[in-house]
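All remarks here apply to the structure that follows.
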Amino acid sequence: MNDRVIGILGGGQLGRMLALAGYPLGLRFRFLDPAGDAPVRYLAEQVVASYEDHLAVAQFGDGLMVATYEFENVPVATARALEQRIPVYPPPQALEVAQDRLVEKRFFAQLNIPTAPFAPVDDRASLDAAIEQIGLPAILKTRRLGYDGKGQTLIENRADIDDAWYALGGQPLILEGFVPFARELSVLAVRGQDGAVACYPLVENLHRNGILYRSIAPAPRLTAEVQLLAETYARRVLEALDYVGVLAIELFEADADRAGSARLLANEMAPRVHNSGHWTIEGAVTSQFENHLRAIVGLPLGDASARGCAAMVNLVGSLPDVTMLLALPDTHLHLYDKAPRPGRKLGHVTVCAGDATRLAERLAMVERYMPLSPFSPGD
Ligand code: AMP
């Protein structure tokens with residue numbers, strides 16, 4: 001039995017960054033991922049097998065100190081099977097909640113965490129009933145396996161209903177009222193085995209084509225009141241699940257002057273380290289990856305404060321000229337060792353600065369080199 005080996009279900013970039021954060025702590029890693037070309041392949045031991053392969057899961061779990069996951073669509077049954085033999089953090093119940101948008105929205109509602117209005121849709125009649133109840137515009141989403149904007153369609157008016165049903169009907173769905181948000185934020189929090197909690201400053205997120213493009217941390221114009229509100233919601237989720245590890249909740253922020261409506265609405269949660277927390281590697285006292293590992297192995301949590309201001313830009317689909325990027329001040333590159341493909345996250349860039357004005361200047365320089373940036377030369 002090796003008491004320093006952490007098992008990670010999923011061998012993507014999140015797993016890769018977890019391992020990179022864990023080596024200085026003297027930890028070792030073993031991954032389970034069906035892809036032979038996973039980003040962790042040169043970094044650690046990897047069992048290449050399906051998450052449903054019971055024999056492979058048993059082999060993967062053999063002698064581990066603790067198991068975790070970097071991918072929220074890991075079958076709950078696999079996490080529960082592992083849990084018979086070794087601790088699994090975050091608790092598999094968190095996976096169960098996060099894998100089904102309806103269960104997740106009901107869970108938030110139970111905890112008095114505001115969300116968009118929602119209703120289950122199982123057939124055409126219940127879609128009509130849900131529209132009656134919620135009104136339009138609304139978004140029809142699959143309950144399971146939706147990510148990065150996939151598996152959802154906007155219904156702006158009645159003429160769109162048939163197309164939306166044609167696109168998604170025949171599987172369990174949820175209809176959500178369209179939230180006219182001012183911006184999207186996320187809160188990342190970590191809870192240790194002893195129940196201690198640390199929260200990172202809220203992050204402002206900008207999506208393009210349903211994929212996270214850019215995060216800024218701390219979120220510009222962040223007030224102490226909004227930070228506290230988000231932390232309160234995060235703590236409710238952490239306590240309710242007796243959670244251990246990093247949790248991310250994606251939030252919609254309404255305009256401050258929209259009297260009567262909730263200021264923050266929860267959209268979804270991720271029971272794992274999160275793309276909107278990559279800035280913490282250089283921008284926070286302790287990164288989300290290190291804090292997740294500290295939590296699951298029972299070490300004290302590290303300080304989650306920001307060191308200054310940071311922005312993270314995802315490299316999606318193709319890579320920019322990295323030589324130009326790395327010549328910029330306090331600019332850091334992370335490549336995931338993945339083959340380029342449209343819509344694929346290949347890496348990210350984090351730029352740091354001592355204050356928001358300097359950060360905005362540096363971010364503008366970074367964005368000039370982004371392939372999809374409106375400022376890119378030749379675009
Ligand atoms: P999701 O897959 O739920 O994270 O949704 C992807 C993106 O769609 C979000 O980041 C939002 O930009 C947008 N979106 C999702 N749900 C809603 C909603 N109820 N109202 C407005 N925009 C939404």
Side-chain angles (χ1 to χ4, degrees), residues 72 94 96-187 202 204-207 210 225-226 228-237 240-241 247-271 276:
E72 76 257 29
E96 224 158 23
V97 172
Q99 284 178 0
D100 184 324
R101 291 183 193 277
L102 181 65
V103 174
E104 185 178 49
K105 289 265 165 9
R106 286 181 171 151
F107 175 72
F108 287 140
Q110 255 172 32
L111 297 176
N112 271 322
I113 299 173
T115 66
F118 63 92
V121 171
D122 296 314
D123 49 33
R124 184 54 212 258
S126 56
L127 174 59
D128 291 333
I131 291 171
E132 263 336 290
Q133 180 195 329
I134 290 169
L136 293 178
I139 302 186
L140 188 62
K141 300 182 179 179
T142 56
R143 280 173 55 178
R144 304 181 75 88
L145 296 177
Y147 66 96
D148 285 349
K150 295 187 177 73
Q152 55 180 277
T153 180
L154 176 68
I155 306 180
E156 276 192 275
N157 50 54
R158 295 196 165 269
D160 300 332
I161 301 176
D162 285 338
D163 282 353
W165 181 250
Y166 183 73
L168 295 178
Q171 55 191 323
L173 301 170
I174 179 173
L175 187 77
E176 291 179 19
F178 182 85
V179 179
F181 56 81
R183 60 176 175 168
E184 293 186 74
L185 300 173
S186 55
V187 58
L202 295 195
E204 178 186 296
N205 299 313
L206 184 66
H207 294 85
E225 185 199 352
V226 167
L228 186 65
L229 191 57
E231 286 188 15
T232 309
Y233 294 159
R235 279 174 196 274
R236 279 184 207 161
V237 172
L241 294 170
L247 167 84
I249 307 179
E250 295 183 32
L251 303 159
F252 298 132
E253 186 183 31
D255 283 322
D257 54 5
R258 285 171 60 89
S261 63
R263 185 73 196 274
L264 293 179
L265 302 177
N267 177 32
E268 59 183 2
M269 62 179 236
S276 68

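Note that this is a predicted model, so its numbers are computed, not measured.
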- With rounding to the nearest 0.5 Å, note down the distance linking CD1 in Ile131 to CD1 in Ile155. 4.5 Å
- Task: Compare every heavy atom of Asp100 with every heavy atom of Leu102, then report the nearest pair and how far apart it is.
- Result: N-OD1, 2.8 Å
- Item | Working for side chain to side chain contact (heavy atoms under 4.5 Å, CB included), residues Leu111 and Tyr233 | CA-CA 8 Å; Leu111 297 176; Tyr233 294 159; over 6 Å; no
- Output the distance between atom CG (Asn267) and atom CD1 (Ile249), rounded to the nearest 0.5 Å. 11.0 Å
- Task: Could you check if a side-chain atom of Thr115 sits within less than 4.5 angstrom of a side-chain atom of Leu265, using non-hydrogen atoms only?
- Result: no
- Kindly indicate, with the supporting measurements, whether the criterion side chain to side chain contact (heavy atoms under 4.5 Å, CB included) is fulfilled by Val103 and Glu96. CA-CA 8 Å; Val103 174; Glu96 224 158 23; over 6 Å; no
- Got a second to check how far Leu251's CG is from Glu268's CD, nearest 0.5 Å? 10.5 Å
- So which heavy atom on Ser276 is nearest to which on Asn205, and how close? CB-OD1, 3.4 Å
- Message: Tell me the closest heavy-atom pair linking Leu247 and Pro271, and the distance in Å.
- Response: CD1-CA, 4.4 Å
- Task: State, yes or no, whether a side-chain contact exists between Asn112 and Arg236 at a heavy-atom distance under 4.5 Å.
- Result: yes
- Message: Test your reading of the model: is there a side-chain donor-acceptor pair from Glu104 to the backbone of Met269, 3.5 Å cut-off?
- Response: yes
- Does Thr142 offer a backbone N or O that forms a donor-acceptor pair with the side chain of Arg101 under 3.5 Å? yes
- Can you tell me if Gln99 uses its side chain to pair, donor with acceptor, with the backbone of Glu72 under 3.5 Å? yes
- Item | Heavy-atom closest pair, residues Glu184 and Phe252 | OE1-CE2, 3.6 Å
- Query: Of Val187, Ile113, Leu229, which meets side chain to side chain contact (heavy atoms under 4.5 Å, CB included) against Leu264?
  - Reply: Leu229
Identify all side-chain donor-acceptor contacts of residues 158-181 below 3.5 Å with residues at least two apart in sequence or on another chain.
residue : atom : partner : partner atom : Å
Arg158  : NH2  : Glu132  : OE2          : 3.3
Asp160  : OD2  : Glu156  : N            : 2.8
Asp160  : OD2  : Asn157  : N            : 3.2
Asp162  : OD1  : Arg124  : NH1          : 2.6
Gln171  : NE2  : Leu168  : O            : 3.1
Glu176  : OE1  : Lys141  : NZ           : 3.1
Glu176  : OE2  : Lys105  : NZ           : 2.8
Glu176  : OE2  : Lys141  : NZ           : 3.2

- Task: Could you tell me which residues satisfy side-chain hydrogen bond (donor to acceptor under 3.5 Å, both in side chains) with Arg263, sequence neighbours excluded, listed by chain and number?
- Result: Glu253
